[in-house]
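Heads up: numbering here begins at 1 and tracks the sequence. Worth saying up front: this structure is predicted, and the values here are computed from it rather than measured.
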Amino acid sequence: MRRDRALSVRQEAILRLIRSWIIEHGEGPTIRQIGASVGLSSTSSVAYQLAQLEERGLISRTGRDWSSCQLESPKPPRRGLRSR
C-alpha cells in the first residue's frame, strides 16, 4: 500500500466521480463511464488509474468488475512505540 505520493489531478477526479456515482446510483461506475467523465478514451488507462488507487488502499472492489468498487476510508499512518 503506497500513500507516500500525492494523488494526481486525474486520480482525484476519479475518486470524486466514484464517490458521487455511488451516492447517486448505489454502485460504482464502469470503466467506460469513468473514462468519459475524466477525459480518458483508453479503457486501459482508466484501469491503470483505478489499480493505482486500489494499491493505495483508497478503493477496493468486491468482484472482478470495477463497477463493484467501493471507497475505503483512509487509515491513519502507523506509528511505532517510543521507548524512553
Fill in: Separation between CD of Gln11 and CD of Gln52, rounded to the nearest 0.5 Å
6.5 Å

Item to complete: Grab the two heavy atoms, one from Ile34 and one from Leu17, that are nearest each other, plus how far apart they are.
Response: CA-CD2, 3.5 Å

Discussion item. How long is the straight-line distance from CD1 of Ile31 back to CG of Leu40, given to the nearest 0.5 Å?
Written reply: 11.0 Å

Discussion item. To the closest 0.5 Å, what do you measure between CD1 (Ile59) and CG (Leu50)?
Written reply: 4.5 Å

Worksheet, complete the sentence: Residues Ser8 and Gln49: closest non-hydrogen pair is OG-OE1, 4.3 Å

Discussion item. Taking side-chain contact (heavy atoms from CB on, under 4.5 Å) as the definition, give me every residue that meets it alongside Ser44, ordered by chain and number, with sequence neighbours left out.
Written reply: Ser42

Discussion item. Set out, in order, the CA-CA distance, both residues' side-chain angles and the distance that settles side chain to side chain contact (heavy atoms under 4.5 Å, CB included) for Arg56 and Leu7, then state yes or no.
Written reply: CA-CA 10 Å; Arg56 289 174 177 238; Leu7 293 177; 3.4 Å; yes

Worksheet entry | Heavy-atom check, side chain of Ile22 versus side chain of Glu27, under 4.5 Å | no

Worksheet entry | Heavy-atom donor-acceptor pair, Glu12 side chain to Val9 backbone, under 3.5 Å | no

Practice prompt. Measure the CZ-OG distance between Arg10 and Ser45 for me, rounded to the nearest 0.5 Å.
Written response: 8.0 Å

Discussion item. I need the Ser60 OG to Leu53 CG distance, nearest 0.5 Å.
Written reply: 11.5 Å

Worksheet entry | Shortest non-hydrogen separation from Val46 to Gly35 and the atoms involved | CG2-CA, 3.6 Å

